[in-house]
Number of protein chains: 2
Amino acid sequence: MGHWAWENNFGSPVLLIVNMAIAPWRSYLASALKKNRTQPHSRYFQLATVRSDGTPANRTVVFRGFLEDSNKLKIITDARSQKITEIYIRQWGEICWYFTNSREQFRIAGNIIVIDANYENSQLQRARELTWQELSDNARIQFAWAHPGKPRANPEAFSPPQPDENKPLDNFCLLLFEPVKVDYLRLRGEPQNRTLYVLDEKGIWDVVEVNP
Amino acid sequence: MGHWAWENNFGSPVLLIVNMAIAPWRSYLASALKKNRTQPHSRYFQLATVRSDGTPANRTVVFRGFLEDSNKLKIITDARSQKITEIYIRQWGEICWYFTNSREQFRIAGNIIVIDANYENSQLQRARELTWQELSDNARIQFAWAHPGKPRANPEAFSPPQPDENKPLDNFCLLLFEPVKVDYLRLRGEPQNRTLYVLDEKGIWDVVEVNP
């Protein structure tokens, strides 16, 4: 979707980042994922949303990669979970992603799109299907378990038949998290380094170094 | 502050938890801290609050222990930081504390009290002082650094004289996080186990096992 354009106005090549290009903070995130790749928890982050009563909610979720060539992070959830109710009301969240090995933190604010079974866009329904197909059997079967958050069900409610690996269950939702602001902190360094990336209305990322 | 009472109504000892006693989820948290103690990041958690515009904020902070015999978690922050502005408006937050080694998550919701330099309570001012004294020199000097979040200052702004180790700088704040709800998830286990603890108006913790 994004592309890079080269211009020659000044006699030398100038790199322009065009709307929807890979965001400039992505290379640092990719590097952090690489540096911390031996730790499975490096793909977990904390997602904060706001409840209908105005209080914050915060939980650990798993990073499922980016949507194709976009900057949208993929997260999965159950339509029966509390967070879906919250996100339908306020499509906004803040991710806090701390890499324990390299001591880097990405705070990522942005809006959240819920791709549920009824979402009318064939391309995004296809993305939902692909995400389902990429899950392990173990991850898929949890969508057939008893209703999350309700009083503990009998053991039988946790041993359903294995769902179809090609067709997502109706309660399987893909969340697309579209960043508009990234606060990147590196704790190694004396003093620490901190960079803010803010997406402007033209789709350009403004970058500024700030005090930690 | 809390105490345990034994009664003999049924011919055998019955344990009653009296108002302000150590909360029942504390032993699981203590055990998680012990199991993960080789990892310094096991004392970090993510604190979500709500900004004045109603969007969530989320960042990693360090657990500084409990206030004396209470269930209040201690966190420190800089009066110049963004989160202080948020917390003065809405004294509420949600902690997400994930233990990477033992694969346990504590989601802790509660209200937040800011003990700043002007807070009028000598006992809590004493707690603020003690917390300052327990910091490393390295942690203390950061409160004398340039204003957090402002455009990057010159290197000199990050090499101030070492502050007095006994007397907190004016911008040093102690946050007291008072839990009212804890959602405790253990990912190990098939299916996973999840327990909700909710503080009722009498100060008693209701405990219920729920579906993961």
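Lettering follows sequence order; numbering is per chain, from 1.
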Has [X] got more than 12 heavy atoms of other residues, nucleotides or ligands less than 6.0 Å from its [atom1]?
X        : atom1 : result
A/Tyr28  : OH    : no
A/Phe66  : CZ    : yes
B/Lys167 : NZ    : no

Mind running side chain to side chain contact (heavy atoms under 4.5 Å, CB included) on A/Glu190 and B/Asn138 for me, showing each step along the way?
CA-CA 10 Å; A/Glu190 194 54 36; B/Asn138 207 25; 4.0 Å; yes

Please report the shortest heavy-atom distance between [X] and [Y], naming the atom on each side.
X       : Y        : value
A/Pro56 : B/Ala48  : CG-O, 3.5 Å
A/Cys96 : B/Gln46  : SG-CG, 3.6 Å
A/Thr55 : B/Val50  : C-CG2, 4.1 Å
B/Ala57 : A/Arg107 : CB-NH2, 4.0 Å

Quick one: which of [options] has the most heavy-atom pairs under 4.5 Å with chain A, could you say?
options                              : value
B/Ile95, B/Thr60, B/Val208, B/Asp183 : B/Thr60
B/Pro40, B/Pro212, B/Ala109          : B/Pro212
B/Pro191, B/Pro148, B/Gly54          : B/Pro191

Which residue out of [options] racks up the most heavy-atom pairs below 4.5 Å with chain B?
options                                : value
A/Gln142, A/Arg194, A/Lys150           : A/Lys150
A/Gly93, A/Gly149, A/Ser81             : A/Gly149
A/Ile141, A/Thr100, A/Thr195, A/Asn193 : A/Thr100

If you round to the nearest 0.5 Å, how far is [atom2] of [Y] from [atom1] of [X]?
X        : Y        : atom1 : atom2 : value
B/Asn58  : A/Ile108 : CG    : CD1   : 11.0 Å
A/Leu196 : B/Arg152 : CG    : CZ    : 12.0 Å
A/Asn211 : B/Arg80  : CG    : CZ    : 8.5 Å
A/Phe99  : B/His41  : CZ    : NE2   : 13.0 Å

Can you check side chain to side chain contact (heavy atoms under 4.5 Å, CB included) on B/Trp145 and A/Gln192, steps first, answer last?
CA-CA 11 Å; B/Trp145 282 1; A/Gln192 305 107 351; 3.1 Å; yes

Which atoms of [X] are under 4.5 Å from chain B, going by heavy atoms: the side chain, the backbone, both sets, or neither?
X        : value
A/Arg90  : side chain
A/Leu185 : neither
A/Thr49  : backbone

Does A/Arg59 come within less than 4.0 Å of B/Glu94, counting only side-chain N to carboxylate O?
no

Side chain, backbone, both or neither: which part of B/Glu209 has an atom under 4.5 Å from a heavy atom of chain A?
both

